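Pasting a structure here, questions to come.
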Amino acid sequence: MEIKSAEFTISNSSVEKCPDTQAPEYAFIGRSNVGKSSLINMLTNNKKLAKTSATPGKTLLINHFLINQEWYLVDLPGYGYAKRSKKEQDKLQHIISSYILRREQMTNLFVLIDSRHEPQKIDLEFIEWLGENGIPFSIVFTKADKSKTSKLKTNIFSYLKKLKEQWEELPPHFITSSEDRTGRTELLDYIEHINKSL
Ligand code: GDP
């Protein structure tokens with residue numbers, strides 16, 4: 001898929017205020033600092049579309065970006081930021097879960113995982129929760145450029161092996177780097193393929 005246009009539409013803190021359209025939505029989520037903003041900017045060829053972590057974990061907003069006048073890319077708030085108050089964490093959980101469970105336009109959720117790290121409990125629990133609720137999702141490994149190829153392969157293999165303990169069938173996965181644009185074509189083609197099948 002070619003990106004012809006990418007426009008910021010709206011930021012809000014509740015699913016009720018999301019755009020009132022039927023366009024398909026592809027949402028992106030992950031732990032704070034996983035590289036979500038960088039990935040969104042890389043995908044859309046716009047260095048400033050999503051704000052990269054100036055204040056990590058501070059945004060509790062759902063951001064909609066209209067792509068090619070056809071579909072929305074949705075930037076969900078990052079989870080797992082340690083310095084959040086309990087009240088903020090509860091609010092965050094509410095925003096995330098109500099969007100994911102109630103937004104019928106959400107066609108696929110991309111769950112971002114830092115390719116350098118061992119499987120983290122918070123991500124595995126989140127993925128399990130997606131499964132329990134029948135949410136369509138894919139895994140996006142980020143920051144692939146930061147590891148040597150052999151190490152990257154080992155990390156991803158062990159991650160998928162861990163997921164295999166929970167899942168009979170693995171979700172689709174993508175290996176990306178916002179630095180060298182690895183995985184961009186694959187991810188955009190995947191979205192295009194789903195759009196065409198709707
Ligand atoms: P977010 O909090 O998930 O939105 O993460 P950001 O996109 O703000 O990225 C967090 C940090 O990781 C920043 O310092 C980025 O420059 C860096 N980063 C993000 N993606 C990549 C990547 O693909 N490769 C490298 N080397 N660094 C990255």
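Keep in mind it's a predicted model, so treat the numbers as computed, not measured. No hydrogens, no waters, no symmetry mates; every other heavy atom, side chains included, goes into these values.
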field: Nearest-0.5 Å distance that lies between atom CG in Asp90 and atom CD1 in Ile95
entry: 11.0 Å
message: Is there a continuous path of hydrophobic side-chain contacts, each under 4.5 Å between heavy atoms, that joins Phe157 to Leu160?
response: no
field: Pairwise side-chain contact, Tyr26 with Thr107, heavy-atom cut-off 4.5 Å (strictly under)
entry: yes
query: Are Lys162 and Glu165 within salt-bridge range, i.e. N to O under 4.0 Å?
result: yes
field: Between Phe137 and Phe110, ring centroids under 6.0 Å
entry: no
- line: The residue among Tyr99, Trp71, Tyr72 that forms side-chain hydrogen bond (donor to acceptor under 3.5 Å, both in side chains) with Glu25 is Tyr99
- request: First locate atom CG of Asp75, then atom CG of Leu49, and finally report the distance between them rounded to the nearest 0.5 Å.
  value: 9.0 Å
- prompt: Heavy-atom distance under 4.5 Å between the side chains of Ile100 and Trp129, does that happen here?
  reply: yes
- prompt: Do the side chains of Leu39 and Lys36 get nearer than 4.5 Å, heavy atoms only?
  reply: no
field: Exam field: side chain Ser38 to backbone Ser178, donor-acceptor pair closer than 3.5 Å
entry: no
task: Please check if any side-chain donor atom of Glu16 sits under 3.5 Å from a side-chain acceptor atom of Ser14, or the reverse.
output: yes
field: Side chains of Val74 and Asn63 in contact at under 4.5 Å (non-hydrogen atoms)
entry: no
message: Counting C-beta onward and ignoring hydrogens, is there a side-chain heavy-atom pair between Asn108 and Tyr190 closer than 4.5 Å?
response: yes
message: Between Thr44 (side chain only) and Met42 (backbone N and O only), is there a donor and an acceptor less than 3.5 Å apart?
response: no
- prompt: Taking the side chain from Asn133 and the backbone from Ile135, do they hold a donor-acceptor pair closer than 3.5 Å?
  reply: no
- request: Give, for atom CG of Asn46 and atom CD1 of Ile3, the distance between the pair rounded to the nearest 0.5 Å.
  value: 10.5 Å
field: Contact summary for Thr154 and Ser150, nearest pair of heavy atoms
entry: OG1-O, 2.7 Å
- request: Taking the side chain as every heavy atom from C-beta outward, state whether Asn195 and Pro24 have any pair of such atoms under 4.5 Å apart.
  value: yes
- prompt: Would Gln69 and Glu7 count as a side chain to side chain donor-acceptor pair (under 3.5 Å) if you check the C-alpha gap in whole Å, the side-chain angles of each, and the deciding distance to 0.1 Å?
  reply: CA-CA 9 Å; Gln69 303 291 327; Glu7 300 153 24; 2.8 Å; yes
task: Please report the closest heavy-atom contact between Glu70 and Ala23, naming both atoms and the distance.
output: O-CB, 3.6 Å
- prompt: Measuring from Gln93:CD to Tyr79:OH, what's the distance to the nearest 0.5 Å?
  reply: 11.5 Å
query: Ile113, Ile29: one ILVMFWY side-chain cluster at the under-4.5 Å cut-off?
result: yes
- prompt: NE2 of His117: more than 12 outside heavy atoms within 6.0 angstrom?
  reply: yes
statement: Closest non-hydrogen contact found for His64 with Cys18 is CE1-SG, 3.4 Å
message: Count I, L, V, M, F, W, Y as connected when their side-chain heavy atoms are under 4.5 Å apart, and connections chain through other members. Are Val34 and Ile96 then in the same cluster?
response: no
- prompt: For the residue pair Leu43 and Arg184, what are the closest heavy atoms and their distance?
  reply: O-NH2, 2.9 Å
- request: Measure the spacing between CG of Asn155 and NZ of Lys146 and express it to the nearest 0.5 Å.
  value: 13.5 Å
query: Can Arg31 and Asp114 be counted as an ion pair, charged N to O under 4.0 angstrom?
result: no
- prompt: Do Tyr159 and Trp167 have their ring centres less than 6.0 Å from each other?
  reply: no
message: side chain to side chain contact (heavy atoms under 4.5 Å, CB included), that's the test. Do Ile139 and Leu112 meet it? Break it down for me.
response: CA-CA 6 Å; Ile139 305 277; Leu112 275 55; over 6 Å; no
- request: Return the minimal non-hydrogen interatomic distance between Asp189 and Met1, and the atom names on each side.
  value: OD1-N, 2.7 Å
query: Just wondering, more than 12 heavy atoms not from Glu2 lying within 6.0 Å of its CD?
result: no
- prompt: Can you check whether Ile156 reaches Phe141 side chain to side chain, under 4.5 Å on heavy atoms?
  reply: yes
- prompt: Should Ile62 and Leu130 be counted in the same cluster of Ile, Leu, Val, Met, Phe, Trp and Tyr side chains packed under 4.5 Å apart?
  reply: yes
Distance (rounded to the nearest 0.5 Å) between His173 NE2 and Ser138 OG: 11.0 Å
query: Do Arg181 and Asn45 touch side chain to side chain, with heavy atoms closer than 4.5 Å?
result: yes
message: I'd like to know if Val15 and Leu73 are part of one continuous hydrophobic network [Ile/Leu/Val/Met/Phe/Trp/Tyr, side-chain heavy atoms within less than 4.5 Å].
response: no
message: I need the minimum non-hydrogen distance between Asp145 and Ser177, along with the two atoms involved.
response: OD1-OG, 2.8 Å
